[in-house]
Amino acid sequence: MKNAIIVYDSVYGNTEKVARALAEGLEKSGTVKVTLSRPDATDAGRLAEYDILLIGAPTHAWKASESIRKFLAKLSESSIKGKRVFAFDTKMKGRFAGSGASKDIQDSLSKLGADVVRERVSAIVKGKEGPLEEGAESNFTSIGLEIAKIIQ
Ligand SMILES: Cc1cc2nc3c(=O)[nH]c(=O)nc-3n(C[C@H](O)[C@H](O)[C@H](O)COP(=O)(O)O)c2cc1C
């Protein structure tokens, strides 16, 4: 059995829905046990217990939300080098949305030498408070299953 931790932030609940959909896909494989955790409650010193670290954030002013940025700042090369990772976010549609928080997350993790198992993904929200676009959750459940296979 592999151990996964999904560290996510969510103000209006949309990123939480996506994180739970991702967890569902990972666990559907029958080979991955998932821990869902908020950044403030996550001990950055205990990431060695997990085979994969998945981080998701809402996009705030073109970046990851503050609590996720604070969490990323706590990570060190010694805990992240070679660690399997995946980054995701929620953001709005259109040219003002920017690249999304997951770019921030994936770039920070890559700089620390992480092994990005799958290119980052954004889920689109229709407005600031949501809802998510149709199909976003089922897409993340599929991605969870896909990642479960990759890390075996
Ligand atoms: C302070 C603030 C800044 C935001 N800035 C952006 C932005 O730069 N680009 C974007 O696409 N969405 C932006 N949004 C919309 C968020 O992407 C949206 O609220 C979020 O994806 C919803 O996720 P949540 O329900 O998990 O909080 C912003 C929202 C807030 C509250």
Side-chain angles (χ1 to χ4, degrees), residues 2-29 32-47 49-75 79-80 83-112 114-148 150-151:
K2 302 278 183 190
N3 277 320
I5 184 165
I6 303 179
V7 181
Y8 72 95
D9 181 28
S10 186
V11 178
Y12 304 107
N14 299 281
T15 316
E16 176 159 20
K17 282 186 181 157
V18 166
R20 290 191 184 281
L22 187 61
E24 191 189 318
L26 285 160
E27 291 202 324
K28 237 183 183 175
S29 69
V32 183
K33 182 177 170 288
V34 181
T35 300
L36 282 153
S37 187
R38 293 284 189 147
D40 300 343
T42 308
D43 185 348
R46 294 186 63 179
L47 295 175
E49 293 171 19
Y50 300 96
D51 301 292
I52 181 165
L53 166 65
L54 305 97
I55 304 183
T59 303
H60 286 172
W62 306 284
K63 293 184 181 149
S65 62
E66 193 182 355
S67 65
I68 288 290
R69 279 190 286 129
K70 278 190 182 155
F71 177 73
L72 290 169
K74 281 193 227 162
L75 302 178
S79 64
I80 298 300
K83 170 82 68 196
R84 288 157 157 176
V85 299
F86 172 67
F88 63 99
D89 67 55
T90 55
K91 65 171 199 163
M92 300 209 281
K93 210 177 192 165
R95 62 200 168 101
F96 295 113
S99 313
S102 57
K103 183 171 190 314
D104 241 15
I105 299 167
Q106 186 172 302
D107 287 353
S108 300
L109 293 169
S110 293
K111 262 188 211 152
L112 296 171
D115 172 12
V116 177
V117 295
R118 192 200 189 281
E119 185 58 22
R120 67 194 184 85
V121 182
S122 297
I124 306 298
V125 287
K126 291 181 181 172
K128 192 175 87 172
E129 298 183 17
L132 288 160
E133 273 191 355
E134 288 75 18
E137 285 165 272
S138 57
N139 184 36
F140 270 76
T141 299
S142 303
I143 292 168
L145 255 176
E146 189 190 311
I147 291 174
I150 295 171
I151 65 171

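Residue numbers start at 1 and run along the sequence shown. Atoms within each ligand, like the ligands themselves, are counted from 1 in listed order.
- Listed for the S79 side chain is no donor-acceptor partner under 3.5 Å among the backbone atoms of L75.
- Among the atoms of E129, none of the N or O lies under 3.5 angstrom from an N or O of ligand 1.
- Here OG1 of T141 is found 8.0 Å from CG of L22. Values are rounded to the nearest 0.5 Å.
- The heavy-atom pair separating V32 from A148 by the smallest distance is CG2-CB, 3.8 Å.
- Counted within 6.0 Å of NZ on K74, heavy atoms from surrounding residues, nucleotides or ligands total more than 12; the atom is thus considered enclosed.
- Looking only at heavy atoms of the protein, atom 22 (C) of ligand 1 is closest to K128 O, 3.5 Å.
- At a 3.5 angstrom cut-off on N or O pairs, D9 does not count as close to ligand 1.
- For the residue pair T42 and S37, the shortest heavy atom distance occurs at OG1-OG, 2.7 Å.
- K2 NZ: more than 12 foreign heavy atoms inside a 6.0 Å radius.
- In terms of modelled atom types and a separation under 3.5 Å, the side chain of K83 and the main chain of L47 share a donor-acceptor contact.
- Residue contacts with ligand 1: H60 is placed with no nitrogen or oxygen under 3.5 Å of a nitrogen or oxygen of the ligand (distance criterion only).
- Ligand 1 has a nitrogen or oxygen under 3.5 angstrom from a nitrogen or oxygen of M92.
- Among all non-hydrogen protein atoms, the one lying nearest atom 21 (O) of ligand 1 is T90 OG1, 2.6 Å.
- Close N/O approach between G13 and ligand 1 is found [any backbone or side-chain N/O within under 3.5 Å].
- For the ligand labelled ligand 1, residue G98 lies outside the 4.0 Å heavy-atom shell.
- Classification of R20 and E16 as a salt-bridged pair holds, one side-chain N sitting under 4.0 Å from a carboxylate O.
- Taking atom 25 (O) of ligand 1 as the reference point, the nearest protein heavy-atom neighbour is N14 ND2, 2.7 Å.
- Among all non-hydrogen protein atoms, the one lying nearest atom 8 (O) of ligand 1 is W62 N, 2.8 Å.
- Using a 4.0 Å cut-off to heavy atoms of V125, the atoms of ligand 1 that qualify are 21 (O).
- With respect to atom 16 (C) of ligand 1, the closest heavy atom belonging to the protein is T59 O, 3.3 Å.
- Remark: side-chain polar atoms of S29 are not paired, donor with acceptor, to backbone N or O of G25 under 3.5 angstrom.
- Heavy atoms from both the backbone and the side chain of V11 come within less than 4.0 Å of ligand 1.
- The pair K103-D107 meets the salt-bridge criterion, with a side-chain N (NZ, NE, NH1 or NH2) lying under 4.0 Å from an Asp/Glu carboxylate O.
- Under 4.0 Å from ligand 1, the heavy atoms of A61 that appear belong solely to its backbone.
- When each atom of ligand 1 is checked for a heavy atom of T15 under 4.0 Å away, the hits are 23 (O), 24 (P), 26 (O).
- For atom 9 (N) of ligand 1, the nearest protein heavy atom (residue, atom name, distance) is A97 O, 3.3 Å.
- Near K91, with a cut-off below 4.0 Å to any heavy atom, the atoms of ligand 1 are 11 (O), 17 (O), 21 (O).
- For D9 and R38, the salt-bridge test passes: some basic side-chain N is under 4.0 Å from an acidic carboxylate O.
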